[in-house]
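Single-structure report; data block below.
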Amino acid sequence: MQTVVFFDGMCNLCNGAVKFIIKRDVKNTFKFASLQSDFAKNELAHFDVDFTAPSSFILLYQGKIYRKSTAALMVAKKLNGLWPLCYFFIIVPRFIRDWVYSLIAKNRYRWFGKLESCWVPNESLRHKFLS
């Protein structure tokens, strides 16, 4: 069972987050797919995912999906270095964590920009992407 990070492929912040994860994923835990891909639509079809809403980050882990701050913290937990310490913030009530996450997600295009088309990884990273 794959661990997949679904991200908004047109969002500069999201693409930056994917590059950040790849650099710190020394155990090669994560695969990636843009939310705009057919793979995402097929894999997430039986979950309650609204593809018309501005989602930015979904984690598929052990057959379950995690969203927003919980997804981000679960990813951080699996990264190299001190990043797993961020998982400590899981003790903050989810409604507070998700409020902060949603504030950033709602403004991500305005603050970080938006691409005209999905980012395409270079040849050395292509094996990490599912399409």
Between [X] and [Y], is any pair of side-chain heavy atoms under 4.5 Å apart?
X     : Y      : answer
Phe57 : Tyr66  : no
Leu59 : Phe7   : no
Thr3  : Val75  : no
Ile58 : Val5   : no
Ile22 : Phe129 : yes
Phe6  : Phe32  : no
Gln2  : Leu60  : no
Phe47 : Lys64  : no

Membership question, hydrophobic clusters at under 4.5 Å side-chain separation (ILVMFWY): are [Y] and [X] in the same one?
X      : Y      : result
Ile104 : Val18  : no
Trp83  : Tyr101 : yes
Ile96  : Leu73  : yes
Val100 : Val92  : no

- Does a side chain donor of either Ser102 or Lys68 reach within less than 3.5 Å of an acceptor in the other side chain? yes

In Å and rounded to the nearest 0.5 Å, what is the [atom1] to [atom2] distance from [X] to [Y]?
X     : Y      : atom1 : atom2 : value
Thr70 : Ile65  : OG1   : CD1   : 11.5 Å
Lys31 : Phe39  : NZ    : CZ    : 10.0 Å
Leu79 : Thr29  : CG    : OG1   : 8.5 Å
Cys14 : Phe112 : SG    : CZ    : 9.5 Å

Which heavy-atom pair separates [X] from [Y] by the least distance, and what is that distance?
X     : Y     : value
Cys86 : Ala76 : CB-CB, 4.1 Å
Ser69 : Asp98 : OG-OD1, 2.6 Å
Ser37 : Ala33 : OG-CB, 4.1 Å

- Task: Assess whether side-chain contact (heavy atoms from CB on, under 4.5 Å) is satisfied between Val49 and Arg67, documenting all intermediate values.
- Result: CA-CA 10 Å; Val49 175; Arg67 303 168 198 247; 4.0 Å; yes

- Query: Could you walk me through whether Asn12 and Trp111 pass the side-chain contact (heavy atoms from CB on, under 4.5 Å) check?
  - Reply: CA-CA 9 Å; Asn12 283 331; Trp111 294 345; over 6 Å; no

In terms of heavy-atom contacts, does [atom1] of [X] have more than 12 from other residues, nucleotides or ligands at under 6.0 Å?
X     : atom1 : answer
Phe88 : CZ    : no
Lys23 : NZ    : no
Asn28 : CG    : yes
Leu82 : CG    : no
Phe89 : CZ    : no

- Between Arg108 and Asp8, is the closest basic N to carboxylate O distance under 4.0 Å? yes

- Query: In a check of salt bridge (Lys or Arg N to Asp or Glu O under 4.0 Å) between Asp25 and each of Lys19, Lys78, Lys128, which one passes?
  - Reply: Lys128

- Message: Ring of Tyr87, cation from Lys77 - is the NZ or CZ under 6.0 Å from the centre and inside 45° of the axis?
- Response: yes

- Task: Mark yes or no: Arg97 above the aromatic ring of Phe95, with NZ or CZ under 6.0 Å from the six-membered ring centre and no more than 45 degrees from the axis.
- Result: no

